[in-house]
Chemist: 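One structure, as C-alpha cells, below. Some questions next.
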Amino acid sequence: QVHLVDSGGGLVQAGDSLRLSCAASERTFSSYNMGWFRQAPGKEREFVGAIGWSSRSTSYANSVKGRFTISRDNAKNTAYLQMNSLKPEDTAVYYCAADRNVLVLHSTVAEYDYWGQGTQVTVSS
C-alpha cells in the first residue's frame, strides 16, 4: 500500500507557472511508475502525463506537451508536475497516481493502483 499526498495547487493567472508535488509514504516509491491526471467539473478524469520508475521515460498528453514537465526524486519519495504557460482550460483537480506495473507507461485511470487526494488548480484569464 502506498499513501500519496498531492500538494502545490492554487489560483494563478493565465501564463503563470505552478509546480505540484506528490509525496509518497513508501520507501519502495522507486518501484512504481507515476502518473498525473486531472479532472475538471463535469468531465471525466484525464491523463496528463507519466514518468517511469527510473525517470528514463516520460509520456504526455498532447494538450500539455511542451508546457508541462514531470520529474521525480526517488531519494525524497516525491514526484513533481511543473506546469508552465498555464491556460484557463488547465483548471481542474490534479491527482498523482502510482502504477505497480513498471513495464509500460500507462495513460488510463484503470491501470493505476494508488491515488493521491487531489489538489485544485485554478487558472484565471
Side-chain angles (χ1 to χ4, degrees):
Q1 185 81 16
V2 177
H3 182 59
L4 303 174
V5 178
D6 301 316
S7 64
L11 172 63
V12 297
Q13 292 187 333
D16 285 350
S17 298
L18 205 57
R19 188 176 82 158
L20 306 184
S21 297
C22 172
S25 61
E26 288 286 320
R27 285 179 292 176
T28 55
F29 174 75
S30 61
S31 300
Y32 300 87
N33 288 348
M34 297 299 296
W36 286 95
F37 291 76
R38 65 186 182 186
Q39 188 166 17
K43 295 188 177 181
E44 293 188 354
R45 194 168 297 189
E46 67 174 5
F47 175 73
V48 172
I51 186 167
W53 66 273
S54 66
S55 300
R56 277 180 279 187
S57 57
T58 56
S59 174
Y60 296 95
N62 287 334
S63 59
V64 305
K65 200 171 292 183
R67 298 188 298 123
F68 291 10
T69 302
I70 296 176
S71 61
R72 64 189 297 163
D73 184 339
N74 287 343
K76 296 182 178 179
N77 294 342
T78 303
Y80 304 97
L81 178 64
Q82 176 68 43
M83 304 184 293
N84 298 329
S85 303
L86 282 162
K87 304 176 181 179
E89 50 263 44
D90 294 319
T91 295
V93 177
Y94 283 72
Y95 300 88
C96 69
D99 181 4
R100 291 176 293 187
N101 182 353
V102 299
L103 298 179
V104 178
L105 279 183
H106 291 119
S107 61
T108 57
V109 171
E111 296 286 355
Y112 285 80
D113 303 291
Y114 306 105
W115 291 83
Q117 84 288 358
T119 184
Q120 176 71 47
V121 173
T122 303
V123 185
S124 64
S125 58

Chemist: Are side-chain heavy atoms of Val64 and Arg38 found at a separation under 4.5 Å?
Modeler: yes

Chemist: Do the side chains of Asn84 and Ser17 get nearer than 4.5 Å, heavy atoms only?
Modeler: yes

Chemist: Run His106 and Asn33 through side chain to side chain contact (heavy atoms under 4.5 Å, CB included) and show every step you take.
Modeler: CA-CA 9 Å; His106 291 119; Asn33 288 348; 6.0 Å; no

Chemist: Given side chain to side chain contact (heavy atoms under 4.5 Å, CB included), test Thr69 with Tyr60 step by step and report yes or no.
Modeler: CA-CA 8 Å; Thr69 302; Tyr60 296 95; 3.8 Å; yes

Chemist: Would you say the side chain of Val2 lies within less than 4.5 Å of the side chain of Phe29, judging by non-hydrogen atoms?
Modeler: no

Chemist: Nearest heavy-atom pair of Ser59 and Ile70: which atoms, and what distance?
Modeler: O-CD1, 4.5 Å

Chemist: Is there a chain of hydrophobic side chains (I, L, V, M, F, W, Y, each step under 4.5 Å between heavy atoms) that links Tyr112 to Leu81?
Modeler: no

Chemist: Contact between Leu86 and Gln13 at the side-chain level, heavy atoms closer than 4.5 Å - yes or no?
Modeler: no

Chemist: With heavy-atom distances below 4.5 Å as the criterion, would you say the side chains of Val12 and Met83 are in contact?
Modeler: no

Chemist: Please check if atom CH2 in Trp115 has more than 12 non-hydrogen atoms from other residues, nucleotides or ligands closer than 6.0 Å.
Modeler: yes

Chemist: Could you tell me which non-hydrogen atom of Asp6 sits nearest to which non-hydrogen atom of Gly118, and how far apart they are?
Modeler: OD2-N, 2.7 Å

Chemist: Got Ile51 and Trp36 here, is their nearest side-chain heavy-atom distance under 4.5 Å?
Modeler: no

Chemist: Look at the side chain of Gln39 and the backbone N and O of Ala92, then say whether any donor-acceptor pair between them is shorter than 3.5 Å.
Modeler: no

Chemist: Before you tell me yes or no, could you show the steps for Tyr114 and Arg100 under side chain to side chain contact (heavy atoms under 4.5 Å, CB included), namely the whole-Å CA-CA distance, both residues' side-chain angles and the distance that decides it to 0.1 Å?
Modeler: CA-CA 9 Å; Tyr114 306 105; Arg100 291 176 293 187; 4.0 Å; yes

Chemist: In terms of relative ring orientation, are Phe68 and Tyr94 parallel, tilted or perpendicular, with 30° and 60° separating the classes?
Modeler: tilted

